Amino acid sequence: MSDIVVVGAGQAGASLVARLRKGGFEGRITLIGEETAPPYQRPPLSKAYLMGDLELERLYLRPLQFYEETGVDLRLGAHVEAIDREARTVRVGGQDVPYDTLVLTTGSAPRRLPDAIGGNLDGVHVVRGLADADAMAPRFAEGARVLIVGGGYIGLEAAAVAAKRGLKVTLVEMSERILQRVAAPETSDFFRDLHSAHGVDIREGVGLERLLGEGRVTGARLSDGSELGVDFVIVGVGIAPGTALAEAAGLTIDNGIAVDAEGRTSDPAIWAAGDCASFPYRGARLRLESVPNAIDMAECVADNILGAGHAYVPQPWFWSDQYDVKLQIAGLSAGYDRIVTRPATGAHAASFWYFQGNTLLAVDAMNEPRAYMVGKRLIDAGRSPAPEAVADPKVELKSLLA
């Protein structure tokens, strides 16, 4: 285990190499990233960084000297072309880098619009990396017309920034409602009202037929037959796990790079963590797209490379910032059959509790940090309060933990 190579210099990769050094690993570590910037935070790209409230250096997860001081060979702007499992090498820039242990933290990539409907026109953007945010930032001029395709959290966060900057924002979501894939109707209603109050034109059940323009996007034709003029477009229609390298190497793929409970792929010398990896969870396979999962899974894999032998058991949580609302989510809501609403304690606040029968699955808390904290502690402990108690404003939240 003298040479560890990590492919992917995002949140998972950076967390993994730091954990290896903290755990006492003294061998050679090589961290390879395609971007020229050192590992950085992605969530602020669609929020504070795009607003101009966060400087570039504050995005960095660690200063560059950290990698020098800890003896991590950080290779930026480097593309890994292939893995040779038999020789145990990865090909980078025409050179073969040897490994005893390889870790894939290749993250995910945004889904783009097909070229056939104008996805390749100038002015069509995605929000995933630093280059994406830098490319679209100059277009956020007051009065500019932006079309946002996709009513998930990325699209809604971009809409909030654009509205705050004085742009004319139209958002289209082809599903019946925004956030349909990830949240209850109550949460969708909350954020629809919030965005409408800030002047965002939300059109649900309406898809994009095609973008218009010669070389540069100038308009859009929607599935209801309407057309609108636009100055630029932001596409937020989901992400796909970064599996191409693993797939070409013959590793098992199952909704991402398939790993066992400890993080090993189908090749025992290769591990994976973060957005790109799916792992066993409650009799099925799960892949999580979040910063907390990237950190926790990467640290678990690092420990296991060093011999810990721990199964990765996620304790999922997520967040989103839109206008003056902080959404905090605990747990996974899949399979819920009942929503319990906790009376709000202030303006622009709410919490929705997801139950399956009498089992608490998840909590969406908007400007309700106490509801989030109590809900998360309950979910992590595998405990469920009585739904009636959650709904009763006379019952103190803290008492639900008793």
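Not measured: the values here are computed from a predicted model.
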How long is the gap from NE2 on His195 to CD on Gln322, to the nearest 0.5 Å? 4.0 Å
Kindly say whether Ile202 contributes a backbone atom to a donor-acceptor pair with the side chain of Glu173 at under 3.5 angstrom? no
For the pair Thr170 and Arg145, evaluate side-chain hydrogen bond (donor to acceptor under 3.5 Å, both in side chains) and give the outcome as yes or no after the intermediate values. CA-CA 8 Å; Thr170 302; Arg145 301 164 301 172; over 6 Å; no
Would you give the length of the straight line joining atom CD1 of Ile270 to atom CG of Leu251, rounded to the nearest 0.5 angstrom? 4.5 Å
Using the ring of each side chain (for Trp, its six-membered ring), is Tyr323 parallel, tilted or perpendicular to His198, with breaks at 30° and 60°? parallel
For residues 332-344, which residue pairs qualify under side chain to side chain donor-acceptor pair (under 3.5 Å), counting only residues two or more places apart or in two chains? none
Side chain of Arg62, backbone of Tyr67: donor and acceptor closer than 3.5 Å? no
Asp267 side chain to Thr265 side chain, donor-acceptor N/O pair below 3.5 angstrom: no
Rounded to the nearest 0.5 Å, what's the gap from NZ on Lys376 to CD on Gln328? Could you check? 11.0 Å
Has the side chain of Ser351 got a donor or acceptor atom that lies under 3.5 Å from a matching backbone atom of Ala365? no
A side-chain contact here means heavy atoms from C-beta on lying under 4.5 Å apart; do Leu59 and Leu54 qualify? yes
Between Leu130 and Leu56, does the side-chain contact (heavy atoms from CB on, under 4.5 Å) criterion hold? Intermediate values first, please. CA-CA 9 Å; Leu130 187 58; Leu56 175 60; 3.5 Å; yes
Among Ile83, Val80, Thr243, which residue satisfies the side-chain contact (heavy atoms from CB on, under 4.5 Å) criterion with Leu104? Ile83
Under 3.5 Å, side chain of Ser278 to main-chain N/O of Arg285, donor-acceptor pair present? no
Over 60° means perpendicular and under 30° means parallel, so tell me whether Tyr281 and Phe279 are parallel, tilted or perpendicular. perpendicular
Would you find a donor on one side and an acceptor on the other, under 3.5 Å apart, between the side chain of Thr105 and the backbone of Gly8? yes
For Glu35, the salt bridge (charged side-chain N to carboxylate O under 4.0 Å, His left out) test, sequence neighbours excluded, returns Arg42
Quick check: closest heavy atoms across Thr89 and Pro98, and the distance to 0.1 Å? CG2-CA, 4.0 Å
Regarding Asp100 and Ser2, is there a side-chain donor-to-acceptor distance under 3.5 Å anywhere? yes
With a cut-off of 6.0 Å (strictly less than), are more than 12 heavy atoms of other residues, nucleotides or ligands near CG of Asn358? no
side-chain contact (heavy atoms from CB on, under 4.5 Å) between Val127 and Asp132, intermediate numbers included: CA-CA 6 Å; Val127 186; Asp132 298 321; 5.5 Å; no
I need the minimum non-hydrogen distance between Pro280 and Val259, along with the two atoms involved. CD-O, 3.4 Å
Specify the closest pair of heavy atoms between Val200 and Ala159, including all atoms of both residues, with the distance to one decimal. CG2-O, 4.3 Å
Those residues that, when tested against Ala183, pass side chain to side chain contact (heavy atoms under 4.5 Å, CB included) (two or more places apart): Tyr153, Leu179, Thr187, Tyr354, Asp364
Contacts of Phe352 that satisfy ring-ring contact (aromatic ring centres under 6.0 Å, His included) - sequence neighbours left out: none
Rounding to 0.5 Å, atoms CD (Glu368) and OG1 (Thr345) come to a distance of 3.5 Å
Got a donor-acceptor contact below 3.5 angstrom from the Arg85 side chain to the Ala249 backbone? yes
Is the backbone N or O of Arg192 less than 3.5 Å from a side-chain atom of Ser196, with the two atoms forming a donor-acceptor pair by type? yes
Taking everything shown except Glu57 itself, do over 12 heavy atoms lie less than 6.0 Å from its CD? yes
Using a strict threshold of under 4.0 Å (side-chain N to carboxylate O), is an ion pair present between Asp380 and Arg377? no
Tell me if a side-chain donor or acceptor on Arg287 pairs with a main-chain N or O of Asn255 at a distance below 3.5 Å. yes
Any donor-acceptor pair under 3.5 Å linking the side chain of Gln11 with the backbone of Ile295? no
Could you check whether atom CD of Gln65 has more than 12 heavy atoms from other residues, nucleotides or ligands sitting under 6.0 Å from it? yes
Holding to side chain to side chain contact (heavy atoms under 4.5 Å, CB included), I want the full list of residues that pass it with Pro343, two or more places apart in sequence or in another chain. Pro393
Suppose we screen for side chain to side chain contact (heavy atoms under 4.5 Å, CB included). Which residues come up paired with Arg165, at least two apart in sequence or across chains? Met51, Phe140, Val161, Leu167
Looking only at non-hydrogen atoms, find the nearest pair between His348 and Asn367 and report the distance. O-ND2, 2.9 Å
Answer yes if the side chains of Ser175 and Gln180 hold a donor-acceptor pair under 3.5 Å, and no otherwise. no
Could you pull out the closest heavy-atom pair between Ala158 and Ile234, with the gap in Å? CB-CD1, 4.0 Å
For side-chain contact (heavy atoms from CB on, under 4.5 Å), just list the numbers for Glu209 and Ile117, CA-CA rounded to whole Å, side-chain angles, deciding distance to a tenth of an Å, and then say yes or no. CA-CA 7 Å; Glu209 183 175 309; Ile117 65 167; over 6 Å; no
Look up atom CG in Leu194 and atom CG in Leu156, then write down how far apart they are to the nearest 0.5 Å. 9.0 Å
Value rounded to 0.5 Å, distance of CG in Leu397 from CG in Leu378: 9.5 Å
So, Tyr312 versus Asp303: side-chain donor-acceptor pair below 3.5 Å or not? no
I'd like to know if Glu396 and Lys398 make a salt bridge, using a cut-off of under 4.0 Å between side-chain N and carboxylate O. no
What verdict does the side-chain contact (heavy atoms from CB on, under 4.5 Å) test give for Val325 and Phe191, after you've listed the backbone C-alpha separation in whole Å, the side-chain angles of each residue and the deciding distance to 0.1 Å? CA-CA 9 Å; Val325 172; Phe191 282 102; 4.2 Å; yes
Ion pair check, Asp275 and Arg128, cut-off under 4.0 Å: yes
For the pair Lys47 and Glu157, find out whether any cationic side-chain nitrogen is under 4.0 Å from an anionic carboxylate oxygen. yes
With a 3.5 Å distance limit and no angle check, can you tell me whether Arg19 reaches the backbone of Cys300 through a side-chain donor-acceptor pair? no
Looking at Ala298 and Ala12, what are the two nearest heavy atoms and their distance? CB-O, 3.2 Å
State, yes or no, whether a side-chain contact exists between Arg139 and Asp231 at a heavy-atom distance under 4.5 Å. no
